[in-house]
Amino acid sequence: MAQQLPPFPRPLGVFTPFIARQPETLVLKEKVMSLSGNSFDISLANGQPIFRVKGESFSLSQRMNVMDLSGNLIFCIRKKHFSLHTTYYAENPNGDEIFEVQSKFKLGGSKFIGSFKSASGQQEQLIMKGDWTDTTAEIMDEATGQPVAAIYRDRWNAREFLGGQQTYNVAIAPNVDMAIIAAMCICLDMKRNEPSAA
């Protein structure tokens, strides 16, 4: 069962329709044999779908399209080439870069820094730190150190172990953008699936 996080003191995110109004848990289920590449179904813990993610397998930038339930593109995540640290960025449907997630080396685990301008116009940074097995991770607001999300997955689930399919459960604090947190989880999975990733 997911932990409940205290509310963030103000709305934090880009996509106001997807700001959690109460403690929420997202379930990100990877589709194994998708012809389009890596794809996810994202739902709330009660099973209500919230996002669909479709990967483009023949894209050099590992493009992942995040859509609402009507099939409208919310943003796409792409890998930036020629950067010192592995970096992913998201573009809105107009092609404007709206946030960036950068992977940093951390002894004994993974660390990602998500940067974006919130709907209020404030520059934000979220820090995601995971354990060395990437079975758990915490996402914190960089300025305050307050946890805004917690990711966990069952590494020893037989279906996932044999099929390479991942399921991430993500507890999200009230007042936090579920789309931004889902994007950070997708970046974690993209990095984990890279050939050089251990």
Side-chain angles (χ1 to χ4, degrees), residues 1-8 11-55 62-77 88 90 99 101 109-110 112 114 126-131 133-141 147-193 197:
M1 186 68 190
Q3 67 186 60
Q4 279 202 355
L5 300 168
F8 198 72
L12 175 67
V14 176
F15 305 99
T16 53
F18 298 111
I19 299 279
R21 297 184 193 341
Q22 62 191 18
E24 294 286 3
T25 298
L26 291 183
V27 179
L28 290 81
K29 282 192 178 208
E30 187 175 23
K31 295 180 186 177
V32 176
M33 298 301 250
S34 172
L35 295 176
S36 63
N38 230 7
S39 295
F40 289 89
D41 284 329
I42 303 176
S43 61
L44 298 175
N46 65 8
Q48 176 187 342
I50 189 165
F51 305 114
R52 300 215 190 299
V53 181
K54 292 192 180 196
Q62 300 176 2
R63 186 181 177 114
M64 300 287 280
N65 296 309
V66 179
M67 297 166 287
D68 65 17
L69 296 180
S70 299
N72 299 313
L73 180 68
I74 302 170
F75 58 88
C76 71
I77 301 171
Y88 303 94
F99 66 90
V101 178
S110 58
F112 292 80
L126 298 177
I127 308 295
M128 178 169 53
K129 294 180 182 176
D131 66 8
T133 60
D134 285 332
T135 56
T136 62
E138 186 174 61
I139 301 175
M140 298 169 291
D141 175 58
V148 297
I151 304 167
Y152 57 98
R153 69 181 176 95
D154 182 2
R155 184 178 176 91
W156 304 111
N157 178 311
R159 183 182 70 220
E160 292 180 3
F161 184 73
L162 296 173
Q165 175 185 16
Q166 302 299 318
T167 299
Y168 297 91
N169 296 286
V170 187
I172 300 177
N175 286 330
V176 176
D177 187 339
M178 294 183 286
I180 290 289
I181 299 301
M184 290 189 75
C185 294
I186 292 165
C187 292
L188 173 68
D189 187 72
M190 290 170 74
K191 174 70 174 164
R192 194 185 63 73
N193 288 327

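Note that the coordinates shown come from a computational prediction; the quantities given were computed from them, not determined experimentally.
- Between Leu26 and Ala182 the shortest heavy-atom distance is CD1-CB, 4.2 Å.
- Here the closest non-hydrogen pair linking Gly55 and Ser39 is N-OG, 3.5 Å.
- Taking the six-membered ring where tryptophan is involved, the planes of Phe75 and Phe99 are perpendicular, since the angle between them exceeds 60° and thus also 30°.
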Report the C-alpha separation of Arg52 and Asp41 in whole Å, then their side-chain angles, then the decisive distance to 0.1 Å, and conclude whether the side-chain contact (heavy atoms from CB on, under 4.5 Å) test is met.
CA-CA 5 Å; Arg52 300 215 190 299; Asp41 284 329; 3.8 Å; yes
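- Atoms CE and CG, from Met67 and Asn72 in turn, are 9.5 Å apart once rounded to the nearest 0.5 Å.
- Considering every non-hydrogen atom in both Leu5 and Pro147, the closest pair reads CD2-CB, 4.2 Å.
- Taken from CD1 in Ile181 to CZ in Phe18, the straight-line distance is 14.0 Å, to the nearest 0.5 Å.
- Side-chain N or O atoms of Asp177 include one that pairs as donor or acceptor with a backbone N or O of Phe15 at under 3.5 Å.
- Summarising the geometry, atom CD1 belonging to Ile151 is positioned 10.5 Å from atom CG belonging to Asn169; distances are rounded to the nearest 0.5 Å.
- Going from atom CD1 of Ile139 over to atom NZ of Lys129 covers 13.0 Å, rounded to the nearest 0.5 Å.
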With side-chain contact (heavy atoms from CB on, under 4.5 Å) as the criterion, how do Leu126 and Leu12 come out once you've worked through the C-alpha distance, each side chain's angles and the decisive distance to 0.1 Å?
CA-CA 10 Å; Leu126 298 177; Leu12 175 67; 3.8 Å; yes
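- Note that CD1 of Ile19 and CG of Asn175 are 7.0 Å apart. Values are rounded to the nearest 0.5 Å.
- For the atom pair CZ (Phe112) and CE (Met184), the distance works out to 8.0 Å, reported to the nearest 0.5 Å.
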Taking it one step at a time, do Val66 and Ile186 satisfy side-chain contact (heavy atoms from CB on, under 4.5 Å)?
CA-CA 10 Å; Val66 179; Ile186 292 165; 4.2 Å; yes
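- In terms of heavy atoms, Cys76 sits closest to Asn65 at CB-OD1, 3.3 Å.
- Nearest heavy atom pair, residue Phe51 against residue Leu69, reads N-CD2, 4.2 Å.
- Nearest approach of Val27 to Leu44, heavy atoms of both residues: CG2-O, 4.5 Å.
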Derivation of the side-chain contact (heavy atoms from CB on, under 4.5 Å) call for Phe40 and Asp189
CA-CA 11 Å; Phe40 289 89; Asp189 187 72; 3.4 Å; yes
